[in-house]
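For reference, the structure is listed below as structure tokens.
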Amino acid sequence: MLDDTTPPPAPIAERSAFWDARFGSEVYTYGTRPNTFIAAEAHRFPDGADLLDIGCGEGRNAVWLAEQGFSVTAIDYAEAGLAKTRTLASEHGAEIETEHADLGYWMPTRQWDGAICTFVHLRMSERLRLFTAIQAALKPGALLIAEWFRPEQRTDGYTSGGPPTLDLMVKPRELRQHFIWGDILLCEPTDVTLNEGPFHQGPAATVRFIFRKGEV
Ligand SMILES: C[S@@+](CC[C@H](N)C(=O)[O-])C[C@H]1O[C@@H](n2cnc3c(N)ncnc32)[C@H](O)[C@@H]1O
């Protein structure tokens with residue numbers, strides 16, 4: 001909870017230092033192929049839709065979506081990830097708009113026809129704020145398709161990746177409580193086997209989520 005003693009946020013470069021370091025090598029941390037849930041569900045987006053990739057990392061999903069004919073804006077606070085996103089896009093002959101922003105404080109200045117988010121793990125206060133921002137970023141009727149680690153990734157001892165502490169994990173219950181401006185089409189704790197580059201390998205506990213923004 002915020003109170004009078006809560007310090008202001010650190011500068012963005014300090015907050016993103018961990019991810020800039022992780023993305024600093026030529027290796028694509030989570031591979032260059034799209035997340036399987038996004039690849040399986042992207043058919044739900046209208047042809048040629050204008051999509052937002054929230055926390056794009058090194059661009060594996062954004063580039064694949066652009067190759068499917070979508071127009072993609074990819075947001076992240078890690079400059080190293082955005083640079084690799086642009087490199088991957090140009091290697092695939094794809095065009096992507098990148099935006100450098102801290103999702104813990106980001107508010108959209110426009111709306112999109114759809115959005116994706118995979119494995120972006122923020123602290124609770126920032127996460128709930130982001131859930132509001134995502135809903136504001138969707139046009140009426142637009143979909144969010146997302147996958148995150150859920151707390152069982154740590155409590156059940158999985159070693160396939162993910163944040164170190166439970167407070168960074170996404171609980172299905174909080175999604176049901178905070179995605180209120182529309183309909184939740186899927187909110188499913190899922191046991192998956194990840195095969196996404198060197199940092200996401202093996203059995204994992206995730207939550208898969210599809211939300212449709214209401215028409216109001
Ligand atoms: C595990 S990676 C996932 C990247 C990508 N979505 C994927 O699945 O390949 C988490 C990403 O979230 C980004 N991220 C974490 N916190 C963020 C924040 N506060 N603002 C913007 N990006 C953030 C990191 O920079 C990193 O790119």
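Quick note: residue numbers are just sequence positions, from 1. Counting starts at 1 for both ligands and their atoms, in listed order.
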Counting from 1 in the order shown, the ligand 1 atoms closer than 4.0 Å to a non-hydrogen atom of Gly55 are 4 (C), 5 (C), 6 (N)
So for Gly81, does at least one of its heavy atoms come nearer than 4.0 angstrom to any atom of ligand 1? no
Atom indices of ligand 1, in the order listed, that fall short of 4.0 Å to a heavy atom of Leu103: 18 (C), 19 (N), 20 (N), 21 (C), 22 (N)
Show the numbers, then the answer: is there a salt bridge (Lys or Arg N to Asp or Glu O under 4.0 Å) between Glu188 and Arg208? CA-CA 5 Å; Glu188 193 166 270; Arg208 290 178 162 179; over 6 Å; no
Of Tyr28, Tyr158, Phe149, which is the lone residue that meets ring pair (Phe, Tyr, Trp, His ring centres under 6.0 Å) with His200? Phe149
Short list, please: which atoms of ligand 1 are under 4.0 Å from a heavy atom of Tyr30? 1 (C), 2 (S), 9 (O)
With a heavy-atom distance limit of 4.0 Å, tell me whether Ser16 approaches ligand 1 through its side chain, its backbone, both, or neither. neither
Can you measure from CG (Leu65) to SG (Cys56) and round to the nearest 0.5 angstrom? 11.5 Å
Using distance alone, with no hydrogens and no angle criterion, decide if Asp53 and Thr73 have a side-chain donor and acceptor under 3.5 Å apart. no
Applying salt bridge (Lys or Arg N to Asp or Glu O under 4.0 Å) to Asp113 and Lys139, what does each step give before you reach the verdict? CA-CA 6 Å; Asp113 299 326; Lys139 289 180 188 167; 2.8 Å; yes
Approximate separation, where rounding is to 0.5 Å, of Leu52 CG and Glu97 CD: 10.0 Å
Tell me which part of Tyr77 gets within contact of ligand 1: side chain, backbone, both or neither, using heavy atoms under 4.0 Å. both
Counting each atom of ligand 1 from 1 as listed, which ones have a heavy atom of Thr118 under 4.0 Å away? 3 (C), 5 (C), 6 (N), 7 (C), 8 (O)
Ligand-side contact atoms (ligand 1) for residue partner Cys56, heavy atom cut-off under 4.0 Å: 5 (C)
May I ask you to check whether Asp102 has an N/O atom sitting below 3.5 Å from an N/O atom of ligand 1? yes
Closest non-hydrogen atoms of Arg212 and Leu143, given as atom of the first, atom of the second and distance, are CB-CD2, 3.7 Å
Within the 4.0 Å heavy-atom shell around Phe23, which atoms of ligand 1 are there? 26 (C), 27 (O)
Heavy-atom contacts under 4.0 Å between Trp106 and ligand 1: side chain, backbone, both, or neither? neither
Which protein non-hydrogen atom lies closest to atom 9 (O) of ligand 1, naming both residue and atom, and how far is it? Arg60 NE, 2.6 Å
contact_flag Ala101 ligand 1 heavy-atom lt 4.0 Å: yes
shortest atom 10 (C) of ligand 1-to-protein heavy-atom contact is with Phe119 O, 3.4 Å
Pull out every atom of ligand 1 sitting under 4.0 Å from any heavy atom of Ala78, numbered as shown with elements. 25 (O)
Atoms in ligand 1 with a heavy atom of Arg15 nearer than 4.0 Å: 19 (N)
For Gly161, is there any backbone N or O sitting under 3.5 Å from a side-chain donor or acceptor partner on Gln153? yes
If we count only N and O atoms by modelled type, under 3.5 Å, do the side chains of Thr98 and Arg86 hold a donor and an acceptor together? yes
Is it the case that the side chains of Thr87 and Glu58 hold a donor-acceptor pair, with the cut-off being a distance below 3.5 Å and no angle test? no
Test item: side-chain donor near acceptor, Arg22 and Tyr30, under 3.5 Å: yes
Check whether Arg150 reaches the backbone of Val207 with its side chain - one donor and one acceptor, N or O, closer than 3.5 Å. no
Please write down residue, atom name and distance for the protein heavy atom closest to atom 27 (O) of ligand 1. Asp76 OD2, 2.6 Å
Looking at atom 12 (O) of ligand 1, what's its closest protein heavy atom, distance included? Val120 CG2, 3.7 Å
Quick look: Leu122 vs ligand 1, heavy-atom contacts under 4.0 Å, and the answer is side chain
